[in-house]
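Worksheet for the structure shown next.
If you read the sequence from its start, that first residue is 1, and numbering goes on from there.
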Amino acid sequence: MDQKGQSVKKLIGTLVLLGLVVGAWLYWRSHDVAAADVISPDDSYKVARGSIFDAVASTGAVTSNLDVDIKCQASGEVTLLPYDISQTVKKDQVLMRIDPTLEQQALQAAQINVNIAQAKLEQARENELVSEQTLSENTLKANADFNSATTQSLNTEKAADRQKELVQQNLGSEEEYETAQTQAASAKDTLATAKVALEDLKAQQLTVQMRKQDVVLAQADYESAKVALDQAKLQLSYCTVPSPMDGVVSALDVQVGSMVASSISNVGGGTTVMTISDLSHIYVLASVDESDIGKVRNGQDVIITADSYPGVKFGGKVVRIATTGVNTSNVVTFQVKIEVTSKNKDLLKPVMTTNVQIVANRKADVLTVPVQALDKDGRKFYATVLDGDKPAEKEVKVGMTDGESYEVVAGLNEGDMIELHKNDVQSRWNADKMMRRMGNPIMRH
């Protein structure tokens, strides 16, 4: 056979093979389509009435009711640290102790100073008492001596005058007169001495006043020493750190043997030993976009989920809406504080990321269908109704959506059987989420 005949034979063989392949594909396709027309009961859904809600979706971090950083007001080496992270503590339980040696020595020195000051105070009081008694005795004696000297001076002076008259009348002797004069002069000297003694009383009175001032100063020193003693006792008590509240140890920054700096004498604010968190109330701080914040009100219900607990839902309520927004890269958000109210709230840990749905509107007794029951083409939705032997596609008008179901406004009736597209659930759900992010008007209804 020539070359041209061989070429024709090869072409015919190729066409026959191609025909067989096409025929096999058409046969498989016809059987596949026929099989697709048979709907399993598990792939269908009966349209029914239920409830649905419109929610503002966001994310937020879990936070505790209160976090308290524990610091020590004394400096030293940590000798006791009985609690570890995640352990529960009660108010006034000992959280930490540091070596009290220096504080105990300071307390002993302060006690000694108090004893010294007290002894000086007692001595000053005794000196005051002695000076007062001495002044009193000297005053009595000086007054008595002055009165006696005055009387004696007057008497001797009169006697001298009488002796002088007698001498002038030649009735007395010169010797007696001179003796009387001497006695009178001596009495005057004694009176002058008595006057000086009275003047000395003034100086003794000043001494008493000085002794009184010594008592005042000693009293002040004693009080100052007692204050220093109280401070030393307080400083010693700082070596033991009690818990300020009931809570859980959420952070631990030191270990036994670590050196900590005082929070009251250190310029940097001292060493943070640990953090105690009050978990009696759990909150989520969610950032809500400014386009949605108008839907949010205090008291609204919130559905909270966390990736850590798939399928688990937590209930909550809005308790605070920030007055001022935060502008980050020209995106304005408002912080919404949500209290977790469900009994399983203990599963949530501080700083954990959560997804929240703030229920802005809720409808009951409306027709609902799962999201996987509808196909979307642009802004239109379609459902495959199983009516008779062949499915029929119908346009459906939808209202609200909660991400799992749509509200049916028109196009379907209660009791209609519609097809579910289980294989497309995840892709449709992702598409719906993307459209919500893009601001689809139907999804944001």
Side-chain angles (χ1 to χ4, degrees), residues 26-58 291-292 295 300-305 310-315 342 355-445:
L26 291 174
Y27 177 82
W28 172 82
R29 177 62 178 169
S30 64
H31 282 73
D32 183 61
V33 172
D37 289 338
V38 179
I39 304 300
S40 169
D42 293 338
D43 295 335
S44 62
Y45 175 79
K46 185 177 182 179
V47 180
R49 291 189 174 274
S51 61
I52 195 170
F53 60 86
D54 180 19
V56 174
S58 182
S291 60
D292 292 324
K295 298 180 181 179
Q300 286 177 333
D301 292 330
V302 182
I303 299 173
I304 305 165
T305 58
V312 179
K313 293 184 178 180
F314 304 87
S342 55
N355 300 306
V356 300
Q357 288 182 301
I358 303 171
V359 180
N361 188 16
R362 190 188 298 271
K363 289 184 179 181
D365 195 29
V366 296
L367 292 180
T368 62
V369 295
V371 294
Q372 59 265 41
L374 300 182
D375 289 323
K376 189 173 182 183
D377 184 7
R379 294 179 177 270
K380 294 183 179 182
F381 290 83
Y382 297 91
T384 302
V385 180
L386 306 177
D387 185 10
D389 296 334
K390 291 186 178 182
E393 190 175 67
K394 286 187 177 181
E395 183 179 353
V396 179
K397 291 185 178 180
V398 300
M400 293 193 328
T401 180
D402 58 9
E404 296 180 357
S405 301
Y406 286 107
E407 174 196 5
V408 176
V409 177
L412 296 175
N413 298 314
E414 185 177 0
D416 285 348
M417 295 297 295
I418 58 177
E419 181 182 355
L420 293 179
H421 308 290
K422 288 189 175 181
N423 293 335
D424 298 334
V425 172
Q426 188 62 36
S427 61
R428 286 198 178 90
W429 172 240
N430 288 335
D432 289 342
K433 289 199 296 184
M434 181 62 71
M435 289 187 177
R436 277 197 298 275
R437 294 193 191 103
M438 295 173 64
N440 186 285
I442 294 178
M443 303 299 292
R444 295 170 61 88
H445 178 68

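Considering every non-hydrogen atom in both A55 and Q357, the closest pair reads CB-CB, 3.7 Å. Among all heavy-atom pairs drawn from S44 and L386, the shortest one is CB-CD1, 3.7 Å. The two residues V302 and V356 have their closest heavy-atom pair at CG1-CB, 4.0 Å. When all heavy atoms of I304 and G315 are compared, the closest pair comes out as CD1-O, 4.3 Å. Between S405 and I52, the shortest heavy-atom distance links the atoms O-CD1, 3.5 Å. Heavy-atom minimum distance, Q300 versus A360: NE2-CA, 3.9 Å.
For D416, there are no salt bridge (Lys or Arg N to Asp or Glu O under 4.0 Å) partners, not counting sequence neighbours. Residues satisfying the side chain to side chain contact (heavy atoms under 4.5 Å, CB included) criterion with K313, sequence neighbours excluded, are I303, T305, E404. By the side chain to side chain contact (heavy atoms under 4.5 Å, CB included) test, K394 is found to be paired with V385, residues two or more places apart in sequence or in another chain being considered. Here S51 pairs with nothing under the side chain to side chain donor-acceptor pair (under 3.5 Å) rule; sequence neighbours left out. Evaluation of the side chain to side chain contact (heavy atoms under 4.5 Å, CB included) rule for V312 yields Y309, F314, N344 as partners, not counting sequence neighbours. Partners of R49 according to the side chain to side chain donor-acceptor pair (under 3.5 Å) rule, which considers only residues two or more places apart in sequence or in another chain, are E414.
Looking at D54 and K295, their side chains come closer than 4.5 Å, going by heavy atoms from C-beta outward. Between M400 and V366, every side-chain heavy-atom pair lies at or beyond the 4.5 Å cut-off.
F381 contributes atom CZ, which lies 10.0 Å from atom CG of D375 (distance to the nearest 0.5 angstrom).
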